[in-house]
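Notes follow once the structure below has been shown.
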Number of protein chains: 2
Amino acid sequence: MTDGRLRAGEVAEAAGVNVQTLRYYHRRGLLEEPHRSNGGHRRYPPEVVTVLRLIKAAQRLGFTLDEAAELIDAASPRSGRRGGGLRRQAMNKLTEVEQKIADLRRIRHTLTQAVDAGCDDLMTCAASPCCPLGL
Amino acid sequence: MTDGRLRAGEVAEAAGVNVQTLRYYHRRGLLEEPHRSNGGHRRYPPEVVTVLRLIKAAQRLGFTLDEAAELIDAASPRSGRRGGGLRRQAMNKLTEVEQKIADLRRIRHTLTQAVDAGCDDLMTCAASPCCPLGL
DNA sequence: GGTAAGGCTGTACCGGGGTACGGAATGCAA
DNA sequence: TTGCATTCCGTACCCCGGTACAGCCTTACC
């Protein structure tokens with residue numbers, strides 16, 4: 001039946017995910033259950049591939065799956081609370097990312113100090129007053 | 001018996017970890033099993049608190065528990081392969097941290113673009129040729 | 001209508017870092 | 001010595017993001 005609907009394997013292939021991952025996303029509520037064939041096989045509309053790509057893009061941007069679900073929900077035309085959702089969440093995430101960068105910079109600084117101190121024995125280093133780890 | 005040895009709860013309290021976490025670290029091989037009382041209770045030497053603080057510091061620096069175990073092992077005076085271990089691992093981790101910072105900067109860039117685009121409907125945004133998410 | 005590829009379900013497992021529970025035994029102070 | 005806090009041990013469970021397997025069923029194509 002060439003009705004434009006896709007089988008699970010085709011969706012998975014097109015989106016670059018595992019078929020099991022599709023089921024996992026259904027369980028997690030990230031994807032709606034599609035219509036089934038008489039035999040119980042899922043027949044996906046092609047749009048689901050875009051949704052999957054969105055999820056993957058959100059993950060790359062540091063969103064968790066729950067956050068990705070919220071993003072998709074906020075972006076859904078069927079969602080009552082349209083407008084501002086995506087933008088607001090992206091801005092919040094931007095703040096988180098800034099914070100992570102700052103944290104990592106501090107970590108980098110500490111590691112650099114540890115390397116520069118030529119500190120090669122943690123117990124001795126930890127006991128010394130100049131220990132960059134601040135124990 | 002005031003012999004300077006600490007009970008599990010005292011160690012946990014001093015190091016700011018859960019008592020269960022001590023047992024977990026023993027299982028993971030991060031902490032040596034200490035001497036036991038006649039009744040089988042662990043009596044820790046005070047130094048173990050420093051080791052725990054080292055583990056926590058290593059975690060803050062982005063090391064996994066396995067890596068922390070290696071660091072402690074490399075730092076132990078009883079370890080045959082002293083010298084260079086800590087420094088080398090710190091340098092490796094430094095490279096990883098630099099990479100993470102670069103990744104986050106790219107993410108920040110993309111998020112900024114998404115916010116600037118005022119994109120508030122993912123499906124529409126994804127379909128547009130100017131979509132910063134690059135779907 | 002046969003057959004192979006693909007899909008269905010439930011369940012278990014991975015790794016990382018723990019936390020919780022229950023029942024018995026110990027430790028310690030009054 | 002009594003009584004309460006603490007610790008013991010094994011085991012199970014948590015979150016996160018999946019992945020794997022077994023055994024059966026459907027679909028698609030020849």
Side-chain angles (χ1 to χ4, degrees), chain A residues 1-31 33-45 48 51-72 93 96 100, chain B residues 1-31 33-45 48 51-72 93 96 100:
Chain A
M1 213 177 252
T2 315
D3 60 354
R5 305 246 149 192
L6 304 170
R7 315 177 55 174
E10 293 170 321
V11 170
E13 165 112 2
V17 302
N18 194 308
V19 178
Q20 312 280 44
T21 304
L22 287 184
R23 293 186 55 216
Y24 178 64
Y25 286 178
H26 285 307
R27 283 208 298 285
R28 291 286 303 256
L30 279 106
L31 290 180
E33 282 286 351
H35 293 301
R36 304 283 187 126
S37 69
N38 289 341
H41 284 203
R42 296 179 179 85
R43 314 306 318 265
Y44 291 93
V48 79
V51 175
L52 282 168
R53 288 212 240 267
L54 280 171
I55 292 169
K56 289 300 169 187
Q59 285 188 300
R60 281 195 298 278
L61 292 174
F63 292 90
T64 65
L65 285 186
D66 280 349
E67 288 170 332
E70 277 184 56
L71 285 173
I72 289 166
K93 189 55 67 176
E96 279 180 39
K100 271 190 199 169
Chain B
M1 214 177 255
T2 316
D3 61 352
R5 305 247 150 192
L6 304 171
R7 314 181 56 178
E10 294 169 321
V11 170
E13 165 110 2
V17 302
N18 193 308
V19 178
Q20 312 281 44
T21 305
L22 287 185
R23 294 186 54 214
Y24 178 63
Y25 286 178
H26 285 308
R27 284 208 298 283
R28 290 285 301 255
L30 279 105
L31 291 180
E33 281 286 353
H35 292 301
R36 303 285 187 126
S37 69
N38 288 341
H41 286 203
R42 296 179 179 86
R43 315 306 316 268
Y44 290 94
V48 79
V51 176
L52 282 168
R53 287 211 241 267
L54 278 171
I55 292 169
K56 289 301 169 185
Q59 284 189 301
R60 281 195 298 277
L61 292 175
F63 292 90
T64 65
L65 285 187
D66 280 349
E67 288 170 330
E70 277 183 56
L71 286 173
I72 289 166
K93 190 53 68 175
E96 280 180 37
K100 271 190 198 167

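Order of the sequence lines sets the chain letters (A, B, ...), proteins ahead of strands, with each chain counted from 1.
Side chain of B:H26 to main chain of B:L31: a donor-acceptor pair is present (N/O by atom type, distance under 3.5 Å, no hydrogens or angles). Distance alone, capped at 3.5 Å, is enough to place a donor-acceptor pair between the B:R53 side chain and the B:A14 backbone.
Between D:dT19, C:dG17, D:dA28, one nucleotide has an atom nearer to the side chain of B:T64 than all others, and that is C:dG17. Nearest to the side chain of A:A8, among C:dT11, D:dG17, C:dG7, sits C:dG7. Proximity note for B:T21 (side chain, C-beta onward) versus D:dT19, D:dC8, C:dT19: the nearest is C:dT19. Side-chain proximity of B:Y24 to the nucleotides D:dT7, C:dG18, D:dT19 is greatest for C:dG18.
A close approach under 4.0 Å does not occur between any side-chain nitrogen or oxygen of A:R7 and OP1 or OP2 of D:dT27. Residue B:Y25 places at least one side-chain N or O under 4.0 Å from the OP1 or OP2 atom of C:dG18. Side-chain N/O atoms of B:R42 include one lying less than 4.0 angstrom from OP1 or OP2 on D:dC9. Taking only side-chain nitrogens and oxygens, B:K56 comes nearer than 4.0 Å to OP1 or OP2 of C:dG18. The side chain of A:R36 places an N or O atom within less than 4.0 Å of a non-bridging phosphate oxygen (OP1 or OP2) of C:dT9. Contact annotation: B:S37 side-chain N/O to C:dG27 OP1/OP2 distance is under 4.0 Å.
Whole-Å rounding puts the B:L22 CG to D:dT6 P distance at 15 Å. Atom CG of A:L30 is separated from atom P of D:dG17 by 9 Å (rounded to the nearest Å). When rounded to the nearest whole Å, the span between CD of A:Q20 and C1' of D:dA20 equals 7 Å. Summarising the geometry, the separation between OH on A:Y44 and P on C:dG7 is reported as 10 Å, rounded to the nearest angstrom. In this structure, B:R43 atom CZ and C:dG27 atom P are separated by 8 Å, rounded to whole Å. For the pair B:R23 CZ and D:dT11 P, the computed distance is 11 Å after rounding to whole Å. Rounded to an integer number of Å, the gap from NE2 of A:H26 to P of C:dG7 is 12 Å. Atom pair B:D66:CG and C:dG17:C1' shows a separation of 11 Å (rounding to whole Å applied).
Judged by closest nucleotide on DNA chain C, B:Q59 is the one of B:Q59 and B:N38 placed further toward the 5' end. Projected onto DNA chain D by closest heavy-atom contact, A:R27 and B:H41 fall at different nucleotides, the more 5' of which corresponds to B:H41. Residue B:L65 is the one, among B:L65 and B:G39, whose nearest nucleotide of DNA chain C lies closer to the 5' end (criterion: closest heavy atom).
Taking 4.5 Å as the limit, some side-chain heavy atom of B:R43 sits within range of a side-chain heavy atom of B:S37. Between A:L22 and A:Y44, some side-chain heavy-atom pair lies under the 4.5 Å cut-off.
Between the base of D:dG18 and the side chain of A:R28 there is no donor-acceptor pair shorter than 3.5 Å.
Shown here is A:E10, whose CD atom has more than 12 heavy atoms of other residues, nucleotides or ligands within 6.0 Å.
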- Task: Could you give me the CA-CA distance, side-chain angles and deciding distance for A:E96 and A:K93, then say whether salt bridge (charged side-chain N to carboxylate O under 4.0 Å, His left out) is met?
- Result: CA-CA 5 Å; A:E96 279 180 39; A:K93 189 55 67 176; 2.9 Å; yes
